[in-house]
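Chain letters run A, B, ... following the sequence lines, proteins first, then strands; residues in each count from 1. Worth knowing before you read on, the calculation uses all heavy atoms, side chains too, and leaves out hydrogens, waters and symmetry mates.
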Amino acid sequence: MSKRLTEQEEQRRLHMEQLRQAGIDPYPARCTRTHTCAEALQLLEGLDGEEATAEIVHVAGRMMSKRVMGKATFGHIQDGSGRLQFYASVDNMGEEEYNRFRKLFDLGDIIGVAGPLFRTRTGEPTVRAQSITMLAKSLRPLPEKWHGLKDVELRYRQRYLDLIVNEDVRQVFITRTRIVSALREFLDARGFLEVETPILQPIYGGAAARPFITYHNELEQQLYLRISFELYLKRLIVGGFDKVYEIGRDFRNEGISFKHNPEFTQLEFYQAYADYNDVMRLTEEMIAYVAQKVLGTLRITYGEHEIDLTPPWRRRELRQAIIEETGIDIEAYPDAPSLYQAIRAIGGNVEPKATRGKLIDALISNYLEPKLIQPTFLIDYPVEISPLAKRKPGSDRLVERFEGFIGGMEICNAFTELNDPDDQEQRFLEQGRAYDAGDEEAHRMDEDFLTALSYGMPPTGGFGMGIDRLTMLLTNRDSIREVILFPHLRPRPAS
RNA sequence: GAGCCGUUAGCUCAGCCGGCAGAGCACCUGCCUUUUAAGCAGGGUGUCGCGCGUUCGAAUCGCGCACGGCUCACCA
């Protein structure tokens with residue numbers, strides 16, 4: 001701890017030392033608190049003028065402002081419920097305690113204030129302090145009171161500072177928690193059972209992504225952090241839980257962008273005896289429920305767009321949508337080379353060695369996704385990019401799958417689940433060939449999952465949704481880092 | 001992974017055709033008993049991200065590196 005202190009840090013340590021010399025513990029073990037700031041404010045309801053309450057309140061919080069006027073001082077404290085003004089004066093506190101407060105208590109200190117409540121001349125509810133006690137000394141200055149903390153890097157690395165000084169950031173994370181609660185309410189009310197499945201998995205699966213790899217020493221076993229919950233939740237459907245869901249963290253060892261973080265929160269649910277049409281209806285109903293519950297409206301603003309979440313949402317066949325936006329009929333190009341040429345012909349920038357599935361993905365994300373502002377389900381995807389979805393009856397090329405898009409972002413992905421164990425095995429084998437050909441994101445053969453399927457899985461509709469992206473949408477944030485409390489950053493360089 | 005932009009006081013930001021490092025808030029000293037971005041008088045507290053180079057002289061110009069942001073690539 002030989003780090004050089006700034007003048008302000010030295011000043012605060014000096015104040016702390018002076019408190020100790022006065023016999024005051026700057027970090028006491030106990031404190032008295034009878035009201036939150038919000039609760040204290042309510043006590044003044046119905047009182048007129050500057051009349052004070054008979055009741056003495058003990059409130060506690062971080063001192064966010066301090067305006068000294070000689071023998072009297074106004075300031076605000078902030079706790080989790082809000083802000084409250086206090087009034088300190090020699091008259092009410094006595095000279096010794098008042099001067100100690102005035103000289104040794106700094107902005108950012110956690111303090112307790114006790115006294116009756118009254119309104120000032122300007123009508124602001126205020127605690128008339130009879131005593132002010134130190135609850136925890138703050139040894140570093142807070143960011144500036146007016147402009148707050150703007151430096152994005154500091155906001156993410158020291159999120160606690162962001163939360164202290166930027167009220168809108170606080171609200172985003174409160175909203176995020178309410179969104180998750182509303183999702184649980186919705187699913188619980190419909191008989192879904194919330195479960196927990198392994199994060200450390202011997203074989204990763206359920207999505208196309210590169211995994212994080214770890215190792216169990218005692219078992220001498222390589223393990224993967226899950227990239228999805230899918231294959232475990234389906235095992236539970238086999239096991240007879242007809243409606244299950246999980247909300248938790250997935251990990252994907254891929255690039256970081258405004259809508260990608262290496263770990264992100266996912267909701268997946270599976271419903272036996274349902275298909276993707278049932279899931280589509282449930283999805284639009286669920287999102288509408290959450291918006292209504294959390295925001296009180298189905299009409300939201302996202303960036304420059306006004307979005308109406310009212311069901312039913314538009315359904316567009318993927319093939320038809322691609323034709324409309326690009327003029328390319330993917331059915332007319334049954335292999336990668338011909339589709340590649342067609343995309344190049346319209347000026348598309350794609351990898352020459354991409355598979356047909358990757359090319360179709362590129363068409364979706366480059367030409368469709370940015371235009372899908374109002375809630376839209378793209379339906380009926382090619383089988384080669386959907387190795388866990390059931391084929392459409394009468395088609396060997398398409399599966400019963402949809403993705404939901406809102407505000408130009410993919411929000412969710414769902415399908416009628418493939419429950420034919422032999423077909424599933426063939427799909428794994430195809431994926432294995434793709435992996436051997438260099439596609440690191442291809443699915444791996446999961447024998448144990450195939451065994452589960454072979455006992456018979458009911459017809460099932462399944463669903464996955466990124467909670468982070470839904471939160472971006474409902475809080476009107478343009479970066480996933482704004483809705484993740486501690487987004488991933490490189491280590492701070494040694495200075 | 002590539003391109004562009006950024007990094008100056010605790011915070012928010014000026015300064016950038018090379019010439020003594022600046023403002024507001026915060027902080028320090030003094031005054032002030034109803035203020036609320038309190039006010040008045042005084043005080044600049046700094047490894048100009050790091051390193052190398054050009055130059056009589058670098059926050060400023062050049063090269064390299066680090067971290068961050070945006071765009072692209074990647075991400076079903």
Novice: With F212(A), which residues qualify under side-chain contact (heavy atoms from CB on, under 4.5 Å), at least two apart?
Specialist: L225(A), F251(A), N253(A), P262(A)
Novice: Which residue pairs pass the salt bridge (charged side-chain N to carboxylate O under 4.0 Å, His left out) test when at least one of the two sits in residues 65-89 of chain A, sequence neighbours left out?
Specialist: R33(A)-D79(A)
Novice: Pairs counted only when both distances fall under 3.5 Å, Watson-Crick or G-U: show me the 5' to 3' dot-bracket for RNA chain B, [ ] for pseudoknotted crossings and | for other-strand partners.
Specialist: (((((((..((((.....[..))))((((((.......))))).)...(((((..]....))))))))))))....
Novice: For A209(A) and F258(A), find the nucleotide of RNA chain B closest to each by heavy atoms; which residue's nucleotide sits nearer the 5' end?
Specialist: F258(A)
Novice: Using the side-chain heavy atoms of H15(A), tell me which of these nucleotides is nearest: rU33(B), rU35(B), rC28(B).
Specialist: rC28(B)
Novice: Spell out yes or no: do the side chain of Y87(A) and the base of rU33(B) have one donor N/O and one acceptor N/O closer than 3.5 Å?
Specialist: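 Flag set: donor-acceptor pair detected.
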Novice: Write down the distance between CZ (F86(A)) and C1' (rA38(B)), rounded to a whole number of angstrom.
Specialist: 14 Å
Novice: Can a donor-acceptor pair be found between the side chains of Q171(A) and E167(A) at a distance below 3.5 Å?
Specialist: yes
Novice: Which is true for L489(A) with a 4.0 Å heavy-atom rule: it touches a base, it touches only sugar-phosphate, or it touches nothing?
Specialist: sugar-phosphate
Novice: Over how many whole Å does the gap from E10(A) atom CD to rU45(B) atom C1' extend?
Specialist: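 It is 10 Å, rounded to the nearest whole Å.
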Novice: Which letters describe nucleotides 2-12 of chain B, given B = protein heavy atom under 4.0 Å from base, S = only from sugar-phosphate, - = neither?
Specialist: --------BBS
Novice: Side-chain N or O of R13(A) versus OP1/OP2 of rC27(B): is the shortest distance under 4.0 Å?
Specialist: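 For rC27(B), neither OP1 nor OP2 has a side-chain N or O of R13(A) closer than 4.0 Å.
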Novice: Between protein and nucleotides 39-41 of chain B, what N or O pairs are separated by less than 3.5 Å?
Specialist:
none

Novice: Is there a donor and acceptor pair closer than 3.5 Å between the side chain of R67(A) and the base of rU35(B)?
Specialist: yes
Novice: Taking only residues two or more places apart in sequence, or in another chain, which ones meet E45(A) in a salt bridge (charged side-chain N to carboxylate O under 4.0 Å, His left out)?
Specialist: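 Checked E45(A) against salt bridge (charged side-chain N to carboxylate O under 4.0 Å, His left out); zero matches.
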Novice: Is there a side-chain contact between R490(A) and the phosphate of rA66(B), meaning an N or O under 4.0 Å from OP1 or OP2?
Specialist: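 So the side chain of R490(A) is outside the cut-off, no N or O lying under 4.0 Å from OP1 or OP2 of rA66(B).
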Novice: Hey, can you tell me if F449(A) and F428(A) have their rings parallel, tilted or perpendicular (30° and 60° cut-offs)?
Specialist: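 F449(A) vs F428(A) ring planes: perpendicular.
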Novice: Measure up the F118(A) and Y87(A) rings against each other and bin them: parallel (under 30°), tilted (30 to 60°), perpendicular (over 60°).
Specialist: perpendicular
Novice: Provide the distance between the two P atoms, one in rG30(B) and one in rA14(B), to the nearest whole Å.
Specialist: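 Between the two P atoms, the distance is 35 Å.
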